[in-house]
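Report on the following structure.
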Amino acid sequence: MNWKTELQLRDLDAGQRIEATCKACGHTYYLDVRMLLIQPELQFIYMDELERMSVCRARHCEGQVRLALVHDGETEGFVGGMA
């Protein structure tokens, strides 16, 4: 099990972006979660299913893509200590 099999599209924030990178040609583009959620048939889809049904948008490629979540450069680290 990994995050793609456990996370549904509806679990993501509407402002979240998903990076899609083609495994064949290396073309990278971004998917907007808000635009995907408009389609009712995609609301309950898991990320691994979305990855399988997505194809490269580069001209004449249509290769399989790898999906990754984009966090807009914000990283939250653990801050804690021994009490």
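Note that the structure is a prediction, hence the values are computed from the model and not measured.
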Non-neighbouring partners of Y29 that pass ring-ring contact (aromatic ring centres under 6.0 Å, His included), sequence neighbours left out: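 Scan of Y29 (ring-ring contact (aromatic ring centres under 6.0 Å, His included), adjacent residues dropped) gives H27.
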Could you check whether any side-chain N or O of D48 sits under 3.5 Å from a backbone N or O of E51, counting only pairs where one atom can act as donor and the other as acceptor? no
Has the side chain of Q16 got a donor or acceptor atom that lies under 3.5 Å from a matching backbone atom of D13? no
How long is the straight-line distance from [atom2] of [Y] back to [atom1] of [X], given to the nearest 0.5 Å?
X	Y	atom1	atom2	result
Q43	I38	CD	CD1	10.0 Å
E49	K4	CD	NZ	13.0 Å
F44	Q8	CZ	CD	7.0 Å
L12	L7	CG	CG	4.5 Å
L50	M47	CG	CE	5.5 Å
E62	C25	CD	SG	11.0 Å

Are L36 and Y46 connected in the hydrophobic side-chain network, where two residues link if heavy atoms are under 4.5 Å apart? no
Linked, directly or transitively: Y30 and L67 (ILVMFWY side chains, under 4.5 Å):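 Y30 and L67: separate clusters.
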Tell me whether the count of non-hydrogen atoms from other residues, nucleotides or ligands lying under 6.0 Å of CD in Q64 goes above 12. no
Would you indicate whether the side-chain heavy atoms of [Y] and [X] approach each other to under 4.5 Å?
X	Y	result
I18	L9	yes
I45	Q39	no
V65	V55	no

Closest non-hydrogen atoms of L69 and W3, given as atom of the first, atom of the second and distance, are CG-CZ3, 3.8 Å
